[in-house]
Every structure is written in C-alpha cells, then in structure tokens.
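Here's the structure, in structure tokens; my notes come after.
Worth knowing before you read on, the calculation uses all heavy atoms, side chains too, and leaves out hydrogens, waters and symmetry mates. Letters go in sequence order (proteins before strands), and every chain restarts at 1.
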Amino acid sequence: MSDDGKLVMMANQIGRFYEPQRQVEPVAAIATHLRKFWDPRMRAAIIAHLDHGGAGLDIPVREAVQRLKAGA
Amino acid sequence: MSLVTEIDYGTPASKASEEVTLTIDGRPVTVPAGTSIMRAAMDGGIQVPKLCATDSVDAFGSCRLCLVEIAGRAGTPASCTTPVAPGMVVSTQTERLKQIRKGVMELYISDHPLDCLTCAANGDCELQDMAGAVGLREVRYGYDGESHTRQEKDESNPYFTFDPSKCIVCSRCVRACEEVQGTFALTIQGRGFDSKVSPGAATDDFLSSECVSCGACVQACPTATLSEKSLIEIGQPEHSVVTTCAYCGVGCSFKAEMRGEELVRMVPWKDGKANRGHSCVKGRFAWGYANHKERILKPMIRERIDQPWREVSWEVAIDRVASEFKRLQAKHGRLAIGGITSSRCTNEETYLVQKLIRGGFGNNNVDTCARVCHSPTGFGLSQAFGTSAGTQDFDSVEQSDVIVVIGANPTDAHPVFASRMKKRLRAGAKLIVIDPRRTDLVRSAHIEADYHLPLRPGTNAAILNAMAHTIVTEGLTNEAFVREFCDRDAFEYWAEFVARPENSPETVGLLSGVSPEAIRGAARLYATGGNGAIYYGLGVTEHSQGTTAVMAIANLAMVTGNLGRKGVGVNPLRGQNNVQGSCDMGSFPHELTGYRHISDDAMRGTFEALWGRKLDAEPGLRIPNMFDAAIEGTFLGLYVQGEDILQSDPNTAHVVKALSAMECVVVQDLFLNETANYAHVFLPGSTFLEKDGTFTNAERRINRVRKVMTPKNGKADWEITLDIAKAMGFPMHYDHPSQIMDEIARMTPTFAGVSYDLLEKEGSVQWPCNEKAPHGTPVMHIGGFVRGKGNFLITEYIPTDERPGPRFPLLLTTGRILSQYNVGAQTRRTDNVVWHDEDVLEIHPHDAEQRGVRDGDWVRLQSRAGETSLRAQITDRVAPGVVYTTFHHPVTQANVITTDYSDWATNCPEYKVTAVQVSPSNGPSDWQREYGEQAEHSRRILKVAAE
Ligand code: SF4
Ligand code: SF4
Ligand code: SF4
Ligand code: FES
C-alpha cells in the first residue's frame, strides 16, 4: 500500500490507545491488534516502511512493528 | 391463506402480578388485578360491544356502548373503564343493555353517511359491526337532521385520507397520537354535536401539522374516517403475511395485507416484540419504491464505465462476473478481489456472500456497511463485556428510571423505539441527552430533558470520562457490583485514571463547551437515579475515538452497576435493518460467524470441513483499506450487494478514484445507485417483499422476513449469490433460506437453537439462543459477564486530528431525518419526499450573520476534502461553531466534504467531525454539476432484447 502516511497515522492511533493501558503490555497489544485486523499487504507495507527508517512511527508502535516483523 | 386477525381486547393489558377471579355471563374468569371488565370478558371469549375503546390506548368511556350490569351495583357502568374486582358478577347482555345500546347506535348512525357499499372500510368497519352486533334495524331520528355528512376531506397527507363526514368522534385517533406515538398532533375541537377531530390549529391540515405520519391514528380509527389511500384505491385485502420492516434497526413486525400479489397496506403487528403494534412513516407507508419505474429488473453489463449499459440474460451477466473475477485473480493474485455484504439484506444472504468470498474467492476480503456505522460497538463491547451487541430488549425501557441518550436521534432515526422511550419518559423517567445538537427529544410535547450536554463534536470520550470522574471521586461507585462482577485490577487502574484532574468536569468543560455543573449533575443522576439505561448511536461510533467512547460507555454502566437486569444496560441503536445480523453472520474480514477470529485454527477447520475448501487464516481488507488498495493497484474486483458505498462512504473523491481504478465492479441493487455509475455488471436485486429470510434488529432479535410476492427481477438475492458461487466453481446447495439458517445454527454456538420452526413458534428470538437459552436471551450478562469479569479499559481522550483552524473554523456533523432513510435510495422514490426533498445545512444565527447568510440561501460548504453547495437553514438547534446536515440526497453529496479520518480500532469513518467553512454561493458547485452530468451519462441503458 503506497500511502504510507495513512498507515503510519492509523498505526499511531492504535498505539495511542494501548499506550496508557495497564492490564496489557502496550507493545504486544499493538502488535496483536495489527496482526488481527490488518490484512497482510498492509502489514507488509508498514514493515517495509519501518525498514526504510520508519519515519513518523511513535516509539511503542515502532517496537510493535518490529515484533510483527520478527513474528511474521 | 387468510387475513391474520388480531383480537382487540379493548383496553391495554394490566401488568399486575396479583390475580382476580370474577364471573362474567355465568363463566368464571381469572385475570390480573387492574384489568378492565371489557378485557376480562374478551379473555373469557365474550365480546362486549364497543366503539371508543381499543387495546392500544387507555379507555376513555365516551361512547356508552360497552355498558354492563354488575350484581349488587346500581346503574350500567362502562366495562372499558371499570376494573374487575374479586367475586364480581357481571352480565354483558340483558334486555336493558340491549335497549340502551340500540339507542346509542341509532344516534351514531343518524349522523353517518350510509354509503357502506362504496365505503373503503366496507367489511372492516367497527361501526358497521356494532350496528350488526346490537341488532340495529331502524333509526327513529331519520337521516335528515343536521349532520356532518358533507364535510370536505383532508387529502394533504400522501398516504392517508381524513374524511370527517365519517367521524364518530370516539377520539381513538387523538389518544393513539398521544399515547402510542407521543406526538400530540390531534385534538378534539368544539363540544357536543360540534366537536370534531383537528390536526393542530384550525388552519392546519395533516401535512402542515405536527403529524409525523406514523399511522397510529389510522390504525386506531374504527371507521373509514382515517384510511390508507392505497386501501381506498385497491380495496380490502384478502390475505396477510407477517414480515419485518426493511428500513431501520428497530425491526418492526408488520402484516403485509395483500390482494393476490398486490400489496394493499402494511399494518404493524401487535405481537411484534420490537414494536408492539406501532410503526413509523417509513415501514408503514414508504414501500412504494418496490414498484418504482426506476427499479432495474434485468441484468446489465458493459466493458467500460463510460459506455451505456446493455441488458443481458442472467447467464451472460453471471458468466461475466465469474470470468472477470477469475481473470483478475489469475493475473493479480488471489487477494485482488473481494466483496461487501449488505446490512439491508437478510442474514441468510449475508452469510452466503461471506461464504462465497471466503470459500469461492479464497480470501477474507469481505466487509459490510457496518464498517461505517457500528463497527466500534462490536469491538468496544466485546472488549468490555465479551459480546458484540447491546445488552437489553426494547421492552426493558419500560423499567428504566434514568435514560441517557448519547449521539442518537431516535425520534428521527429509530422512531418506534423513540415512541416507546417517550412513553416511559412521560411516565416520569429522567432524561439526559448528550448531543451537539438540540434534538427533538431534548424538548418535545410533555418531555423535557433534565440535562442536555451540548458538547463540541469529537469530545464524547472526554465527557464520558468526566462523568466517570464525578462518580468515582464523589463516592458513587456501585462497590458491590464492581466487586462481584468486574476485574478488580482493571477497575483500580481505571478509577485512578478517571480520578485524575485532566478528567475532571472542570477541565473537560473547557474543551467540550459543556458546563461542569451539568456534567456533574448528569453523572450524579445516572449513578443514583435508579435503573440507568444508556442508548447511543452513530454520534458515538463515527469518530476517530469511536471505539474508545463505546468502552467509556461500558465503563460508566459497570461502575454504576447498571447491567445484568431489566431497565438498565448499554444499548446501541443500530442504523440499518440488519446491521446486527450482517455483523453476526461473519461479514467482517477478520471473523467468521458469531465473532470468532479467522486465525482460530480449530474453529476455521470446522468451516473448512463443511465447505470443502481451505480458508485463509489471515484477515482481509476492510472497506477503506479496499479503496486504498484499489488506488494502489492491488485490488481490482468487487462484488457489492445492496450498498451504495459511493454515496455513503466518506471522502467521495477518494471513493470515486478507487472505484474508477477497479476493473470489475459488480453491483447488486434495486436501482442504479451512485456506486453503479462506476460498475461493470449490474445484477438487479429483490425487495424484502420478494424473499424469505431473517433480519436481526438492535436487540439481537431474529425476525422472519416472509415472501409475499414473486421477485420482479426473477430471483431473490440469495439465489443470485448461489449463481455466482456456482460459476466461480464453488457450488452451494440450498433450496430455501431455512436451510441456510440451519447451517448457520450448526456452525455458530450463539445461534445453535435457531431454526425457522422455532421462529414460527416463538414469533422471534433474541440470540444467544442455544441449549442454555432455548428461548433466546432478552437481557444479557445476568449474574456475570460473557467474558467472565467485566473489563474496565482506560479511555484516554485524544482529540481528533481533524481540527478547526482559520481556513475551516466550523465543525460539521451529520445525521438523518425521519422521513428519509440513509442514502435515500428507497425513500426518495416514495411520497416521503413531501417532507424532505433536499438536504439543508443547519447553521447558528451568529455564524450565519457573520457570513452574510440568510435563511434559505445557497451556501458553499468546504472542507479539506472537497466542497459542495446546499441551502442554509438558520437555527439555534446547533451551537455556534457547529453546522449540521443530512446525507439523503446524492445531489448534495455531503460526503464530498467528509474526510477519511477513522476510528483507531475499526477504521469506522469519522463522519461526525469535519472542519469546514461556509460561505455564500449562487447555486450548485462545479463538482456537483460535473457529477450530475457524469451520473446521467453513466446511467444510459441500451434497450436490447435479452439474449
Ligand atoms: S399519523 Fe401519527 S403523528 Fe400523525 S396524527 Fe396520526 S398518530 Fe399523530
Ligand atoms: S377520526 Fe376515527 S378515531 Fe378519530 S375520532 Fe373520528 S372515528 Fe374516532
Ligand atoms: S421504526 Fe424502523 S423498523 Fe420500525 S417501521 Fe420505522 S423504519 Fe421500520
Ligand atoms: S367502549 Fe366503553 S365507553 Fe366506548
């Protein structure tokens, strides 16, 4: 998916919900949300975006995408 | 087949639990205390003559036809207004009573036109029946006295006629309008012989009055005075079939009254558990679209969207769909195509479309229109409680003490439920409305909200947190409930979070524009006022924090213990008739039926075994993702059943770009909708009158839809999907939708007990319906949550990125109006347009004045996404800084303006907040003109004989 800006924004939105949660580990929760709700091409695109420096990704989201990559 | 006749018990049922036994005409009868003698008699099979009583409204006691004699009591009391008493001995037929009744009837008849043979109500007139019942043979007063027989008819309402010459002034209509509908449009003016029914002021007719055309008065009228125009035109029906309205998520049951295959009228069914005999203008009257001249009845194809359509046979059309989809998959991969199920189609049809996509297309690129409305409800409630649905039945509202309505406008969007809610409010329940706009509910006849919090669009989560802050910090937590039913750690974390100063009403007041006192007052009332019930709509979900707000609502209900019994709960008001059902049926790309994630190997395996196909374990594309992927070039084929994504989805320019980029768009619908302008294959759909199936309403109630006529297009929608499946090499075998439901029940634990046989027996049933709950589940989470312990999630308020600024200083929010339905494809093709023939922009007088805009002027509405023009309506219903419009008309294209910001969890679009500017304009914008031309061009049809 070429529109990386939009995916970054969407990923950060997810991140900002999970960041303050106390019952779950935010990074794991973000990664799980991406895995459960994003179709493979969207996940591939966000991983590729990370591989290109990951501009704009908030810190926990960046870590979550890293985990996604490791697990994918 | 025959007419479904319903017994009129004369007066409403008593809700008392204590029983009373009495004797009526020598027969012992036992009924609940408080029952009228009339109703008790009917219970015992004895019909007391009556005219002014009917069981939808309280007795009035004016006609004196229902008199009875009671042993030991003097006089002849009216049986409709006299309650039963233990040991009472009642006679309904004596010589004295006969004489009195004859006398009463003589008086009525002397002032009634005797044109029974040519009267529309002939055969269905209570006056006629009563004349027969009392044995009236002569009228001593003659017929030539002063009478009302030559009065002018009021034909102003497009659907019913008021013929005052036939009125017996029983006031059933007046009471129905007050008690059932809650509109108070009618009055009896004058006294004695001069008294007559009048809509509003003396100069008003029905159309110009407050009347909302619900039809309750027409139904209550015992004579031909108020009659459906369709009945007058066609004649009395000879059979009827019970079915379900196909408009909104209330899911009203109706009797479709027929003459052969011609629909005479739709009459709300008393035994319908969602509507209890009531209706609104849409379901009751707005069904004419089924025969509209613009309905398409033949399949059509074209190679390119700039070509005219060509009519073809079903075989050719289906073949085109399959060959194109196969070609696209061969060239671009398995994931290059997908489909959208319809929240307007039946459960069975929706199930088949997702089955076709998962099994036949081999991917999970399936989504549904719920994406753009209630997807945050599904996700939010499942996280909090463990189920993706509302907690109550509609009856529950009768036991609520405090009703909170958030981001919903039920009097327009869920009218029959609104009437039921208003009845409870008139009986004393308190009301809190949280809405940027002063909706009708805030102040209407005999109802005034105790609190209206007119928040800035986009601040729901903040307001809900501030209410929670008040409850937690003022010691109003229901400790016992939280301790017993909720996750303790989650509660502690959450309580610490909401207690923070940033969530205080004082801080939130500043950012939301609502007074802190009002927030505190509303929170206290909800927490301490008895049974508190929350009803919410798209004003909650259609935000970038839609899911967060749903969770915040769940938190409020848990912290106050307002769950798990009648009268309380968290209740999403669903938009379309089958939004709940389409979600239940596995329409979302990541889950199969019953909300089970596609990555669950064991569960997915059961479907693989049954369908004989390997299923993809990865989630597919959601609608907005499909558009993005189309523009990117990886998604090229789409099957859309019964949804107009072009008009209903946000950021129209983006949708146009996406659809134009696809190589095969297949639209299955009744009309050439806006999406069809970008389609290559058009498959004509069938209406709800032409097929069997089920719809599931907002209370999780599964209602039967029954076929009353042959599909004009030749096939029910489910049959079309079967044809595509077969052509795609994935044949499915069903002869009747009941077999599809059997498969759904077999594969879905929450539906395990559902079958057409059960629905036949019970009328309707609310899921979960299985071994544990063989008759369904009216109220959920009794004695514990489905997920185990209730889960408090932290719901931090995060302002949307869509913010007003110097260029776009106003906030636009959107909604709907009573007479129109969504994109208006159906209602615009009915006489409902007399109430709403264009979308207008509501703007506050201050904002209008600043811009030099006068009421009725054309204005340009601009956002970062686009611009459109429409007329302005100046009103203080909206706060300064906020403007509002509806999205029923394609010429307005409100979604040209809305952006593609969306909910964080579900991508539900943020329709409810768009930063805009408003300026004077001369008329439609260039975009509207171009769009209009393109649409007209695209709708050309070459009329050739089908091959
Ligand atoms: S149609 Fe409904 S709103 Fe209109 S007068 Fe009759 S009962 Fe009242
Ligand atoms: S219009 Fe019908 S219901 Fe109303 S008062 Fe006249 S007869 Fe009765
Ligand atoms: S309230 Fe909804 S379901 Fe009921 S008649 Fe009106 S549109 Fe139909
Ligand atoms: S029916 Fe009882 S007084 Fe009219």
So which part of [X] gets closer than 4.5 Å to some heavy atom of chain A, the side chain, the backbone, both or neither?
X: B:E492; value: neither
X: B:F635; value: both
X: B:N364; value: neither
X: B:N363; value: neither
X: B:T906; value: neither
X: B:L793; value: both

(request) Name the member of B:E796, B:H597, B:E591 that forms the most heavy-atom pairs with chain A at distances under 4.5 Å. (result)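 The answer is B:H597.
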(message) Counting heavy-atom pairs closer than 4.5 Å to chain A, which one of B:L335, B:I794, B:I798, B:T795 comes out on top?
(response)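 Greatest number of close heavy-atom pairs with chain A: B:I794.
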Quick one, [X] and [Y] - any side-chain contact, counting heavy atoms below 4.5 Å?
X: A:Q23; Y: B:D487; answer: yes
X: A:M9; Y: B:Y901; answer: yes
X: B:F588; Y: B:D367; answer: yes
X: A:D39; Y: B:H590; answer: no

(message) Is the distance between the ring centroids of B:F379 and A:F37 under 6.0 Å?
(response)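 Yes: the rings meet the under 6.0 Å criterion.
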(request) Could you tell me which residues in residues 545-553 of chain B have at least one non-hydrogen atom under 4.5 Å from a non-hydrogen atom of chain A, sorted by residue number? (result)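 Residues of residues 545-553 of chain B touching chain A at under 4.5 Å: B:T548, B:M551.
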(request) Would you give the length of the straight line joining atom CG of B:L659 to atom CG of B:L638, rounded to the nearest 0.5 angstrom? (result)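 So the gap between those two atoms works out to 7.0 Å.
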(request) May I ask you to check whether B:N503 and B:R500 show a side-chain donor-acceptor distance below 3.5 Å? (result)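 No, B:R500 and B:N503 have no side-chain donor paired with an acceptor closer than 3.5 Å.
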(message) I'd like to verify something: which residue of A:M10, A:R16, A:H33, A:E19 has the highest number of heavy-atom pairs under 4.5 Å with chain B?
(response)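 Ranked by heavy-atom pairs under 4.5 Å with chain B, first place is A:H33.
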(request) Apply the side chain to side chain contact (heavy atoms under 4.5 Å, CB included) test between A:L57 and each candidate in A:D4, A:L7, A:L50; give the one that qualifies. (result)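 The passing option is A:L50.
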(message) Does this structure show an ion pair linking B:E632 with A:R41, if we count only N-O contacts that are shorter than 4.0 Å?
(response)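 Between A:R41 and B:E632 there is no salt bridge, as every charged N stays at least 4.0 Å from the carboxylate O atoms.
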(message) Can you list everything that forms a side chain to side chain contact (heavy atoms under 4.5 Å, CB included) with B:E618? Sequence neighbours excluded, please.
(response)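 Partners of B:E618 under the side chain to side chain contact (heavy atoms under 4.5 Å, CB included) test: A:P40, A:R43, B:D616.
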